Amino acid sequence: MRLPSAFTVAVLVFGLAGCGSESAPEAVPETAASVADPEPEARDQLAGLAALALDRRYAALYTFDVGDGSPRDVVASVADDGTWRVDIPLGALGGTAGVTIIKVAAGVYQCGLTTSTQPVSPTCIRVAERGDKVPRRYDPKVQRLFRQWLTVFTDRKAPLAVSAVRPLAGAQGGTCYAVDSVSAALDPPVDVGIYCFSADGLLTAARVEYGVLKLVRQVAGPPTLQLPGPEVAGEPMGMSSPPPVVQPSGPTPS
């Protein structure tokens with residue numbers, strides 16, 4: 001029997017319908033990171049929390065505000081067997097389609113996401129091998145906050161500048177760190193911003209260039225996660241808006 005998806009589990013447990021942050025939407029700043037001086041102790045603390053986060057198993061509901069005044073619900077799950085999934089409403093095709101990024105034994109997949117307002121029959125396309133990054137043109141970015149950057153935070157050789165900062169407004173506790181890059185490369189090693197973690201390694205909030213994420217609630221993770229739909233061949237959804245549909249013109253009246 002196929003286990004219910006992480007999104008379905010969250011719907012049943014949390015009652016997502018109409019759920020959102022009670023606080024006013026927080027605008028996305030032009031510069032997400034603090035200008036505080038780097039602190040070696042903060043770098044060590046963040047590495048320790050990220051190590052705990054890599055071992056954490058959970059299903060959690062977050063609000064995600066991209067600055068358009070309409071925060072959306074994001075669900076992130078990490079199963080006991082290490083499979084993980086992040087559901088991002090309006091995360092693809094220029095904000096017109098929901099998307100799931102999920103990692104199972106066969107690799108990393110992009111799947112369509114069905115919601116109450118956008119019912120679809122999800123299909124899944126493999127976009128990366130295990131351990132590889134999602135290609136930029138198919139990357140909704142939000143999933144990177146939960147998994148991809150944790151290994152960078154634990155790498156003491158990564159070119160990061162870390163400093164402790166005040167908790168983000170409306171965040172559910174945790175210690176917050178401003179993370180910046182000290183590399184001259186055009187592509188920074190992580191998304192520059194502010195990251196907040198609980199003492200046991202749960203991401204409670206993040207503020208990056210593309211949005212503000214805040215924890216609403218969380219429960220224990222499921223035993224495993226499976227693709228929410230069949231694997232198919234084809235082109236994954238891109239992040240840009242699809243071109244407008246051009247209606248064929250009719251015959252010219254005589």
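Everything numeric here is computed off the predicted structure, so don't read it as measured data. For the numbers below, each heavy atom of this structure counts, side chains included, while hydrogens, waters and symmetry mates do not.
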- Path from Leu227 to Leu225 over hydrophobic side-chain contacts below 4.5 Å: yes
- Under the side-chain hydrogen bond (donor to acceptor under 3.5 Å, both in side chains) test, which residues partner Asp80, sequence neighbours left out? none
- Is there a side-chain contact between Val134 and Val108, using heavy atoms and a 4.5 Å cut-off? yes
- Quick one: disulfide (SG to SG under 2.5 Å) pairs with a partner in residues 131-164, sequence neighbours left out? none
- Message: Going by side-chain contact (heavy atoms from CB on, under 4.5 Å), name the residues that satisfy it together with Asp44, two or more places apart in sequence or in a different chain.
- Response: Arg156
- Residue pairs passing the ring pair (Phe, Tyr, Trp, His ring centres under 6.0 Å) test where at least one lies in residues 59-82, sequence neighbours excluded: Tyr62-Phe146
Show the atom names and distances, to 0.1 Å, of all donor-acceptor pairs under 3.5 Å that link a side chain in residues 166-178 to residues at least two apart or in another chain.
from, atom 1, to, atom 2, distance (Å)
Gln172, NE2, Leu215, O, 3.1
Gln172, NE2, Val216, O, 2.5
Tyr177, OH, Gln45, OE1, 3.0

- With sequence neighbours left out, what residues match Arg72 under side-chain hydrogen bond (donor to acceptor under 3.5 Å, both in side chains)? Asp68
- Item | Where at least one partner belongs to residues 57-99, residue pairs that pass disulfide (SG to SG under 2.5 Å), sequence neighbours excluded | none
- Message: I'd like to check the side-chain contact (heavy atoms from CB on, under 4.5 Å) partners of Asp55; sequence neighbours left out, ordered by chain and number.
- Response: none
- Query: Charged N to carboxylate O below 4.0 Å: is that the case for Arg137 and Asp139?
  - Reply: no
- Item | disulfide (SG to SG under 2.5 Å) contacts in which one or both residues fall within residues 53-170, not counting sequence neighbours | Cys111-Cys124
- Message: Holding to side-chain hydrogen bond (donor to acceptor under 3.5 Å, both in side chains), I want the full list of residues that pass it with Arg43, two or more places apart in sequence or in another chain.
- Response: none
- Qualifying ring pair (Phe, Tyr, Trp, His ring centres under 6.0 Å) pairs with a residue from residues 151-170, counting only residues at least two apart or across chains: Phe153-Tyr195
- Query: Is it the case that one hydrophobic cluster holds both Val86 and Met239, taking links as side-chain heavy atoms less than 4.5 Å apart, direct or via other members?
  - Reply: no
- Query: Do any pairs count as a salt bridge (Lys or Arg N to Asp or Glu O under 4.0 Å) and have a residue in residues 191-200, sequence neighbours left out, and if so which ones?
  - Reply: Arg56-Asp200, Arg144-Asp191
